[in-house]
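Down below is the structure, laid out as structure tokens.
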Number of protein chains: 2
Amino acid sequence: MNISKAANAADLPVKTVRYYADIDLVPAPSRSDAGYRSYDEASIRKLVFVRRARLFGFSIDECRELLGLYQDQDRTSAEVKRIATKRLTEIKEKQLELQSLHDELQHLVGTCRGDHRPDCPIIDFLG
Amino acid sequence: MNISKAANAADLPVKTVRYYADIDLVPAPSRSDAGYRSYDEASIRKLVFVRRARLFGFSIDECRELLGLYQDQDRTSAEVKRIATKRLTEIKEKQLELQSLHDELQHLVGTCRGDHRPDCPIIDFLG
DNA sequence: ATTAGTCTCTCCAGTAACTGGAAGGTCAAG
DNA sequence: CTTGACCTTCCAGTTACTGGAGAGACTAAT
């Protein structure tokens, strides 16, 4: 399977698939005589796995780690849970941060008349 | 005032202040004979302004715009409010995204026993 | 057999906003 | 006069791609 078919099957841009091969995250299992990357079903499953993990916000390095666990029949669920829990903690932290950001900015936007006059509590707050 | 004093006063790393000068966001108002950047009170206020705006998640380009409005006595509060409202919308979108991410991952982590056994709903879901 | 169009390849550069480090000039204190 | 802290510029690296150039490969139609 050439790269565009594989990319299509995994719902990823061709460029991204090539990139994942370059960084050895999901290498093409073989090459044609002309040097074309050739993908099989197993590698497409890996590409899909990575796409989903990326959607969850796992970094490339975490994807690499998860992919290793994905392919390892002997890994424990504890290993996987550790990575997912770490990510969950990051998400919670980011949520708190965004919430206070939201509240403050909401307040500022609420108190700014937003008219033709120059006085502006937003600028006053920042300056 | 040399760069390290200015950076200290604005609570920014020296590297960052130099960077802001390089990209012409907050240039040093003058240079010493030896070529040292020299900062005055006005530029420190601008550095502080940028630091606060960055904390709010405004991009460098937005900071550039806000800084222009900050220094413009004739600008209307509507111009400022527009940028802040845009940022607020982005924050809300990101919050929604994070919330669904959180819920899904929370669920997966909750259903994974995280023990020595290999079966893992997190991997199953991603694969 | 040639040609047009659609692949594919590699390599280079750019994105955002810094950060780290090397090599070298400057300044104040002892 | 030397030591140490400061300053300068320039280059490289970070994350995860994305865009594009230039060149080779493959397919279908003429």
Side-chain angles (χ1 to χ4, degrees), chain A residues 1-40 43 46-67 86-87 90-91 94 97, chain B residues 1-40 43 46-67 83 86-87 90-91 94 97 101:
Chain A
M1 223 194 252
N2 279 351
I3 197 167
S4 65
K5 292 257 186 187
N8 206 265
D11 197 18
L12 283 170
V14 169
K15 274 275 187 187
T16 301
V17 175
R18 204 172 279 131
Y19 173 69
Y20 287 165
D22 284 352
I23 63 172
D24 232 1
L25 179 62
V26 183
S30 64
R31 295 271 190 149
S32 77
D33 289 352
Y36 288 17
R37 289 175 185 81
S38 186
Y39 290 87
D40 57 11
S43 32
K46 289 182 215 167
L47 287 170
V48 169
F49 181 91
V50 169
R51 178 175 57 76
R52 296 217 185 118
R54 291 286 301 129
L55 282 178
F56 267 84
F58 290 104
S59 71
I60 290 288
D61 271 357
E62 282 168 333
C63 287
R64 207 182 287 275
E65 205 174 346
L66 284 170
L67 203 51
K86 175 166 162 284
R87 176 75 193 118
E90 288 167 9
I91 290 174
K94 193 72 189 172
E97 192 187 325
Chain B
M1 225 195 251
N2 279 352
I3 197 167
S4 65
K5 293 257 187 189
N8 206 265
D11 197 18
L12 283 171
V14 169
K15 275 275 188 187
T16 301
V17 175
R18 204 173 278 131
Y19 173 70
Y20 287 166
D22 284 352
I23 63 172
D24 233 2
L25 179 63
V26 182
S30 63
R31 295 272 188 146
S32 77
D33 290 352
Y36 287 18
R37 287 176 186 81
S38 186
Y39 290 87
D40 58 11
S43 31
K46 288 182 214 167
L47 287 170
V48 169
F49 181 91
V50 170
R51 178 175 57 76
R52 296 217 184 118
R54 291 288 300 131
L55 282 178
F56 266 85
F58 290 105
S59 71
I60 290 289
D61 271 356
E62 283 167 334
C63 288
R64 208 182 286 275
E65 204 174 347
L66 285 170
L67 204 50
I83 300 175
K86 173 165 165 283
R87 176 76 192 117
E90 287 167 9
I91 290 175
K94 193 72 189 171
E97 190 186 327
L101 222 53

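Numbers restart at 1 for each chain; the letters A, B, ... are given by sequence-line order, proteins then strands. Note that the structure is predicted; figures quoted are calculated from it, not measured.
Between the OH atom of A/Y36 and the C1' atom of D/dA23 there is a distance of 11 Å, rounded to whole Å. Following rounding to the nearest Å, A/K5 (NZ) and D/dC26 (P) show an atom-to-atom distance of 16 Å. Residue B/Y19 contributes atom OH, which lies 15 Å from atom C1' of D/dA12 at whole-angstrom precision. At whole-Å resolution of the value, CG in A/D61 and P in D/dC17 are 12 Å apart. Rounded to whole Å, atom P of C/dA17 lies 14 Å from atom CG of B/L55. One can place CG of A/D33 at 8 Å from P of D/dC26, the figure rounded to the nearest angstrom. Whole-Å rounding puts the A/D22 CG to D/dT15 P distance at 16 Å. When the P atom of D/dC7 is taken as reference, atom OH of B/Y39 falls 10 Å away, rounded to whole Å.
Contact annotation for B/R37: backbone-only contact, meaning every heavy-atom pair under 4.0 Å involves sugar-phosphate atoms and none involves a base. At the heavy-atom level, A/I23 lies nowhere under 4.0 Å from the strands shown.
Where B/A34 and A/A34 each meet DNA chain C at their nearest nucleotide, the meeting point lying more 5' is that of A/A34. Place A/K15 and A/S32 on DNA chain D by their nearest nucleotides, and A/K15 ends up nearer the 5' end. If you find the closest nucleotide of DNA chain D to B/V14 and to A/I60, the one lying nearer the 5' end belongs to B/V14.
Within the structure, every side-chain polar atom (N or O) of A/R64 is placed at least 4.0 Å from both OP1 and OP2 of D/dT15. OP1 and OP2 of D/dC17 both lie 4.0 Å or more from every side-chain N or O belonging to A/R51. For D/dA16, the OP1/OP2 oxygens have no side-chain nitrogen or oxygen of A/T16 closer than 4.0 Å. For A/Y20, a side-chain nitrogen or oxygen approaches OP1 or OP2 of D/dC17 to under 4.0 Å. In this structure, A/R18 does not reach the C/dC7 phosphate: none of its side-chain N or O atoms is under 4.0 Å from OP1 or OP2. Neither OP1 nor OP2 of D/dT15 sits under 4.0 Å from any side-chain N or O of A/R54.
Taking the side chain as every heavy atom from C-beta outward, A/V50 and A/R64 never approach each other to under 4.5 Å. Looking only at side-chain heavy atoms (C-beta outward), A/R52 and A/V48 come within less than 4.5 Å of each other. Counting heavy atoms from C-beta outward, A/Y39 and A/K5 have side chains that stay 4.5 Å or more apart. Looking at heavy atoms from C-beta onward, A/F49 lies out of side-chain contact with A/V26 at the 4.5 angstrom threshold.
Under a 3.5 Å cut-off, the side chain of A/R87 and the backbone N or O of A/G57 do form a donor-acceptor pair.
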